[in-house]
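The figures here come from the full heavy-atom set of this structure, side chains too, leaving out hydrogens, waters and symmetry mates. Computed from a predicted structure; not experimentally measured. The chains referred to below are lettered A, B, ... by the order of the sequence lines, with proteins before strands, and numbering in each begins at 1.
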Amino acid sequence: MDRYEPLKIEAKWQEKWEAEQPYRATEKPGVPKMMLAEMFPYPSGAGLHVGHVRNFTIVDVLTRFYEQQRMNVMRPFGYDTFGLPAENYAIKTGVSPKVATATNIANFRKQAKRLGFAIDWSREINTSDPEYYKWTQWCFLQLYKKGLAYQKESYQWWCPEDQTVLANEQVENGKCWRCGREVEKKKMKQWFFRITEYADELLDEIDALDWPEKIKTMQKNWIGRSVGAEIDFETTDGAPKITVFTTRPDTILGATFLVLAPEYPGLDYIVSDDCRDAVAKYKADALKKSEIERQENKEKTGVFTGAYAVNPATKEKIPIWVADYVLAGYGTGAIMAVPAMDERDREFAEKFDLPIVETELVDRDLYGTPKVTYKMRDWLISRQRYWGCPIPIAYDKDGNPHPIPEDQLPVMIPEVDDYRPDNSGRSALAKAKDWLKVEIPVTDPKTGKTHMEEMTRETDTLDGYACSSWYLWRYASPHDTEYAWNPEAIKYWEPVDVYVGADHAVAHLLYIRFWCKFFADEGFLPFREPIKKLIYHGYINAPDGKKMSKSKGNVIDPLDVINDGYGADTLRTYEMFIGPVELDAAWDPRSVGGVYRFLNRCYNLMTDKGKESAAACPSDTLRAAQAKSSRSAEHRATDSLPSSENCAIRHKTIKKVTTDIHKCNFNTAVAALMEYVNELYKVGATAEDLVVLAKLLKPFAPHLASEMLERLEADDEWPKWDEKYLVDENVEIVVQVNGKLRAKLNIAADDATNEDKVKELAFADERIQKYTAGGVKKAIFVPRAKLLNLVV
RNA sequence: GCCCGAGUGGCGGAAUUGGUAUACGCGUUCGACUUAAAAUCGAAUGGGAAACCAUAUGGGUUCAAGUCCCAUCUCGGGCACCA
């Protein structure tokens with residue numbers, strides 16, 4: 001007996017796809033292109049999890065959907081391979097990150113192939129491949145040339161566990177995003193990218209993006225533009241003037257004291273001698289305080305500097321204080337306190353008994369110069385770690401940085417025996433003594449002559465986010481040896497039409513926009529936004545609603561689901577059916593069975609009905625006659641004529657599935673297919689029904705659908721619906737009395753828009769007459785809703 | 001604390017511009033097939049005997065409210081001393 005055996009069917013088709021590589025993408029001028037990608041995965045040793053499957057399947061459904069509509073589709077794949085997990089694994093086991101990464105990629109690739117994704121496997125990239133990171137270093141050098149990559153000594157977040165600095169975006173609630181350890185502040189000289197240069201453009205262009213509002217809001221908050229003014233306050237005893245930033249320069253009459261951040265750069269020059277010890281102690285305490293302590297305890301603390309400034313508006317002498325409620329990195333690190341207007345200043349004034357003066361407002365521009373500030377800081381990119389892209393810089397004997405010439409790229413990661421950071425703030429790269437030395441050409445400014453000079457390499461590596469800030473462009477020409485991205489290829493394929501992910505709302509998605517704008521300014525990219533549409537999907541949780549985690553032992557392994565006999569098609573279709581794409585969902589093993597039953601029904605429908613002759617939709621003249629026979633259609637009776645009912649439900653389903661996929665309502669698209677199959681079981685399926693079913697099913701369950709189409713001898717071109725088949729000859733009209741449903745009238749379609757006719761039939765109905773005996777005050781007829789409401 | 005978003009059967013979730021609430025799936029029950037079970041197929045399934053009552057709670061607008069307005073409660077997310 002011919003049964004649905006998913007593992008057999010899937011093996012057959014995967015073998016075919018592997019041999020034929022049907023999803024190779026090539027530029028076809030004149031054919032509309034569609035480029036889709038997921039946020040590429042970090043290939044962990046644990047292999048694919050169900051979250052990856054959701055992520056990849058969303059991309060796959062859209063890829064196949066557009067491919068079946070004969071657009072020129074590109075769907076590449078890649079791996080984000082630098083980072084701490086591989087390095088920590090190396091420290092623990094001694095296995096080099098390069099080797100472990102290669103093993104993990106091989107496993108990921110194998111697993112992805114078992115899910116039947118329509119990937120162009122010739123466009124596979126890996127950020128730790130020297131062929132790739134050579135160009136990451138090239139990107140760094142472009143930024144360096146324009147002064148957008150620079151070094152600065154400042155207080156930075158330091159993770160004592162991972163022995164590295166972190167970007168602001170990588171500190172979550174005062175803890176390291178990787179290991180969860182509380183971060184500390186450490187003063188270090190570090191590399192930065194000047195993302196703040198693009199703050200305005202990054203902010204202003206958010207609104208036009210076809211991205212989820214949630215992400216757009218998060219990015220806006222992160223950039224955090226405030227419009228205000230800088231105002232200079234002269235000090236009374238010869239110390240340098242203090243510039244404050246305020247959004248309310250109009251409240252200056254109420255400024256009764258100044259407050260400086262503990263890290264305020266010129267603090268030492270301001271403090272009076274008798275207060276020096278107290279201020280030094282306060283500063284030391286403030287730096288020791290962790291971010292968590294600072295957040296949890298918002299009780300105001302502070303100390304008087306012993307110095308005074310002059311309020312330029314009132315000419316009054318006002319005291320200067322130091323307090324950690326003023327942040328060093330924002331504005332100028334100094335504020336004018338207006339306790340009458342500002343809640344925090346008031347709290348501080350009350351605690352330390354400082355004057356609170358009610359204020360009248362003055363003209364905003366009277367005492368200051370307009371100034372815009374941002375919460376966003378420059379992007380700190382140095383990492384004191386081994387397993388990352390080496391920063392292509394060397395230092396001369398005076399410690400001045402020099403870029404590594406482009407023809408010396410890539411700066412390879414040296415092999416070392418011990419991957420541990422050395423506790424001195426330098427990465428394990430510092431242990432590769434030979435590698436550290438490098439000859440760099442230097443041009444003498446006086447003579448114009450170039451000579452080689454021995455220098456010492458930078459031992460920091462780049463933040464992994466730098467590697468993922470340009471990978472979408474590499475997909476356009478993944479093996480190009482001349483360009484990071486080929487100008488012709490990029491012009492054809494990009495920007496990315498649809499990008500799918502579940503993380504990195506501010507970090508990655510902000511960085512990639514920044515690089516895009518920079519490289520557009522440099523003439524390397526013909527667009528300023530890298531991603532047209534973003535789909536940000538929810539997580540899949542364990543059946544109990546909790547996050548899946550190895551330690552809790554509640555992880556569902558997708559390969560187990562497949563190997564249990566359900567197959568990849570069931571897994572994929574289930575994950576699309578599980579709920580709205582943007583919401584988190586809980587795994588339900590029983591619902592997986594429900595989806596399997598559905599696919600099984602599709603298969604059985606085919607084996608029962610596949611032999612039948614194809615039948616197009618009946619012509620209008622035949623419809624009336626066939627409508628009769630469809631009424632009496634036996635269950636899957638093979639001798640009944642193809643009915644107009646089939647035609648109506650077929651076209652209705654085509655329309656529903658097509659529009660749902662366009663709107664990314666994958667769950668209701670699958671539901672519509674289930675309804676269609678249920679209906680076909682009742683009225684009988686024609687070959688045409690089966691072909692349409694297989695075509696619509698293919699994005700979700702490509703193996704089964706391919707099998708069906710092969711047996712039905714049909715291609716997979718996406719079907720179109722015709723509105724004329726969606727109009728029934730009979731229409732149901734709802735009759736309400738006082739808004740309550742009282743009767744449904746089956747009326748010929750031609751009469752359904754005729755108000756008089758509908759009323760006549762309604763009043764003739766005995767179910768209605770019960771309520772209308774006392775007369776009808778008002779009758780509202782809504783043809784659009786096929787509804788008549790009688791008010792009695 | 002501030003700013004968003006969401007509360008619908010036993011469960012996951014459907015419902016165009018306000019217009020038949022509960023699509024689809026799970027679960028449950030019954031039936032067919034079978035020595036039996038599984039699988040498959042069919043039927044029923046918000047509550048209530050009924051009138052009726054039900055979309056977190058209480059009001060409001062409307063011929064008509066899950067959908068709009070006001071208040072309250074709960075949950076989720078984001079921001080969190082950003083001057």
RNA chain B nearest-nucleotide lookup for Ser226(A) and Ile780(A): closer to the 5′ end is Ile780(A)
Taking the nucleotide of RNA chain B with the closest heavy atom to each, which residue, Phe598(A) or Val791(A), is nearer the 5' end?
Phe598(A)
Does OP1 or OP2 of [N] have a side-chain N or O of [X] closer than 4.0 Å?
X         : N      : result
Arg601(A) : G42(B) : yes
Tyr330(A) : A83(B) : yes
Lys778(A) : C63(B) : yes
Asn667(A) : A14(B) : yes
Arg597(A) : G27(B) : yes
Lys220(A) : C4(B)  : no

Taking [M] as the reference, what is the distance to [N] when you measure between their [atom1] atoms (whole Å, please)?
N      : M      : atom1 : value
G58(B) : G42(B) : C1'   : 46 Å
A71(B) : A83(B) : C1'   : 34 Å
C69(B) : A80(B) : P     : 29 Å
U61(B) : C70(B) : C1'   : 11 Å
A32(B) : A23(B) : C1'   : 27 Å
U45(B) : G25(B) : P     : 14 Å
U57(B) : U74(B) : P     : 15 Å

Does the structure show a Watson-Crick or G-U wobble partner for [N], both distances under 3.5 Å? Name it, or say none.
N      : result
C52(B) : G47(B)
G9(B)  : none
U34(B) : none
A39(B) : none
C79(B) : G1(B)
U57(B) : A71(B)
C63(B) : G19(B)
A14(B) : none

Check whether the side chains of [X] and [Y] place a donor and an acceptor atom closer than 3.5 Å, and report yes or no.
X         : Y         : answer
Arg3(A)   : Asn604(A) : no
Thr573(A) : Glu575(A) : no
Ser226(A) : Tyr330(A) : yes

Over all strands shown, is [X] touching base, sugar-phosphate only, or nothing at heavy-atom distances under 4.0 angstrom?
X         : result
Lys777(A) : nothing
Leu673(A) : nothing
Thr246(A) : sugar-phosphate
Asp345(A) : nothing
Asn678(A) : sugar-phosphate
Glu343(A) : nothing
Gln736(A) : base

Which nucleotide in the list [options] gets nearest to the side chain of [X]?
X         : options                : answer
Arg590(A) : C26(B), A83(B), U20(B) : C26(B)
Arg784(A) : G25(B), U20(B), U17(B) : U17(B)
Tyr771(A) : C52(B), G25(B), U20(B) : C52(B)
Thr668(A) : G12(B), C53(B), A14(B) : A14(B)
Arg742(A) : A83(B), U20(B), C52(B) : C52(B)
Pro580(A) : G13(B), A83(B), G19(B) : G13(B)
Leu741(A) : U20(B), C79(B), A23(B) : U20(B)
Asn789(A) : C63(B), G27(B), A83(B) : C63(B)
Glu675(A) : G77(B), A23(B), C81(B) : A23(B)
Val326(A) : A83(B), C26(B), A15(B) : A83(B)

Does the C79(B) base have a donor-acceptor partner in the side chain of Asn221(A) within less than 3.5 Å?
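Counting by modelled atom types and ignoring angles, no donor-acceptor contact under 3.5 Å is found here.
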Any N or O donor-acceptor pair under 3.5 Å from the base of C81(B) to the side chain of Lys300(A)?
yes
Do the numbers put [X] on top of the ring of [Y], so that NZ or CZ is under 6.0 Å from the six-membered ring centre and no more than 45° off the axis?
X         : Y         : value
Arg650(A) : Tyr676(A) : no
Lys185(A) : Trp157(A) : yes
Lys300(A) : Tyr325(A) : yes

Could you walk me through whether Phe348(A) and Trp321(A) satisfy the ring pair (Phe, Tyr, Trp, His ring centres under 6.0 Å) test, starting with their C-alpha distance in whole Å, then the side-chain angles of each, then the deciding distance to 0.1 Å, before giving a yes or no?
CA-CA 10 Å; Phe348(A) 192 81; Trp321(A) 284 65; 5.7 Å; yes
Heavy-atom count around Glu723(A) CD within 6.0 Å, excluding the residue itself: above 12?
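Correct, the count exceeds 12.
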Under the criterion side-chain contact (heavy atoms from CB on, under 4.5 Å), I'd like the reasoning laid out for Cys176(A) against Val171(A): C-alpha separation, chi angles, the key distance, then a yes or no.
CA-CA 5 Å; Cys176(A) 171; Val171(A) 177; over 6 Å; no
